[in-house]
Amino acid sequence: MENGNKSMNTPTNVTIKGILGTLMASIDEDKKKNLISLGMGDPTAYSCFTTNTVVQDSVVQTLESQRFNGYSPTVGLPQTRKAIAEYLSINLPYKLSEDDVFITAGCTQAIEVAVSILAKPNANILVPKPGFPIYELCAAFRNVEIRHYDLLPNKGWEVDLAAVDALTDHNTVAIVVINPGNPCGNVYSYQHLKKIAETAKRHKILVVADEVYGHLAFGENPFVPMGVFGSMVPVLTLGSLSKRWLVPGWRLGWFVTTDPNGIFKNAKTVERLKKYFDICGGPATFIQAAVPRILEDTKEVFFTRTLCTLKQTSDICFKKIKEIPCFTCPQKPQGAMAVMVKLNVSLLKDIIDDIDFCFKLAKEETVILLPGLTVGLKNWVRITFAAEPSSLEEALDRVKSFYQRHSRQQNGLN
Ligand SMILES: *Cc1c(COP(=O)(O)O)cnc(C)c1O
């Protein structure tokens, strides 16, 4: 096991934004108008993923009121904290209070807060593989050791609980669970989440529940928030408006102590948290002020429409993947906005690995997919299906012809 107590780890790992930028730069200027990117998880690039007017009007209203041009309390506006506490409590067996909620600049800052608050000498945190690279990046800056547990592709990307047992020691402080999942599109059952909670309880560690895709579940399993097990094990719930309300650029997120027994949330931790928030500088006050109305007035039909579109595009994606022999998809996506496919490079005559595949694909077909290596799995590829159906079909048709040209079997032209 790596020793986390060595000198500052330099964050050298490839980031999603970093590699997508390099992929983009490799495409010839004159071809860029044909570009289809299924690499990034920003659905707002496509007009079928537009937020609704209530959400926009709420912000216009708070801005025009001129009442929210000042600083907010560093932990967030009280009405915003209260509204998020109420919103999250709907799906919990107990009620959160506004003191449980801290407003952050998107879920990204909530991750940063979680890692920083949990950091202490020799501490390690368990994160999923494949996963979301921001956790590694934050941990590297805070000198926290990261240990990867596997998600099991043939079991619906469930957590390998035996691996969690093997990785945990007395320096382990938390396990990160991303559900609904990015990059795999998994949605965990109540039973599986309960097992994760029991495992965390047994090891006396916290659960960091990244629920930035909360409620974006369109398959068999309904979305169950980890906080349901908050009485069993303290949960830090991280979320944002970004994905469900389709406003990732607004940078409005939350860090929530879902811990009704106050195991994590004692007076000392709360004091530390408050101090930490003094240096955070959260989202703009007028956006915070719009949150109560956004949460209250967004019509169910808006959410239903998004889910319908995601179901449709994930179906297209899954069907098209099956037509590409060098791809296998172990699990049909059930939620979130992306899916992982295994790349069989042995079927290709001149492709070394996932990175090589994605660069050649970008150059030849002006289609961008994310190399699996960036999320921890070499020779896999992440495909974002939050795209216009026609663009998605076109992009995957181009991947198919790319396969045909590079296949060992044929010399293309069929
Ligand atoms: C998008 C995403 C985030 C970041 O959310 P923001 O609100 O845009 O900062 C965090 N975790 C996961 C798993 C994500 O996919």
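First listed ligand is number 1; within each ligand, the first listed atom is number 1. The figures here come from the full heavy-atom set of this structure, side chains too, leaving out hydrogens, waters and symmetry mates.
- Residue contacts with ligand 1: M337 is excluded, as none of its non-hydrogen atoms falls under 4.0 Å.
- Of all protein heavy atoms, the one closest to atom 7 (O) of ligand 1 is S242 OG, 2.6 Å.
- Of all atoms in ligand 1, numbered sequentially from 1 with element shown, those under 4.0 Å from a heavy atom of I178 are 13 (C).
- Scanning the protein for heavy atoms near atom 8 (O) of ligand 1, the closest one is R251 NH1, 3.1 Å.
- Remark: K332 engages D315 in a salt bridge, criterion side-chain N to carboxylate O under 4.0 Å.
- Other residues, nucleotides and ligands contribute over 12 non-hydrogen atoms within 6.0 Å of the CD atom of E198.
- With respect to atom 1 (C) of ligand 1, the closest heavy atom belonging to the protein is K243 NZ, 1.5 Å.
- Summary of contacts: the protein heavy atom closest to atom 11 (N) of ligand 1 is D210 OD2, 2.8 Å.
- Contact between Q109 and ligand 1 is absent, with no heavy atom of the residue lying under 4.0 Å from the ligand.
- Per-residue contacts place G106 under 4.0 angstrom from the following atoms of ligand 1 (heavy atoms of the residue considered): 7 (O), 9 (O).
- Of all the atoms in ligand 1, the ones that sit under 4.0 Å from a non-hydrogen atom of Y213 are 14 (C), 15 (O).
- Nearest non-hydrogen protein atom to atom 10 (C) of ligand 1 is F132 CE2, 3.4 Å.
- The residues K363 and D28 are annotated as salt-bridged, a charged nitrogen and a carboxylate oxygen being separated by less than 4.0 angstrom.
- Nearest protein neighbour of atom 9 (O) of ligand 1, counting heavy atoms only, is T108 OG1, 2.6 Å.
- In this structure a side-chain-to-backbone donor-acceptor pair under 3.5 Å is missing from N182 to G185.
- With respect to atom 5 (O) of ligand 1, the closest heavy atom belonging to the protein is C107 CB, 3.3 Å.
- For W245 and Y87, the distance between ring centers is under 6.0 angstrom.
- Between R398 and E394, at least one side-chain nitrogen of the basic residue sits less than 4.0 Å from a carboxylate oxygen of the acidic one, meeting the salt-bridge criterion.
- The closest protein non-hydrogen atom to atom 15 (O) of ligand 1 is N182 ND2, 2.8 Å.
- With hydrogens and angles left out, the side-chain atoms of Y135 and D210 include a donor and acceptor closer than 3.5 Å.
- At least one cation-pi condition fails for R244 and Y213: the charged atom is not both under 6.0 angstrom from the six-membered ring centre and inside a 45 degree cone around its axis.
- The existence of a salt bridge linking K129 and D160 is excluded, since no basic side-chain nitrogen approaches an acidic carboxylate oxygen closer than 4.0 Å.
- Heavy-atom contacts of S240 reach the following atoms of ligand 1: 7 (O) (cutoff under 4.0 Å).
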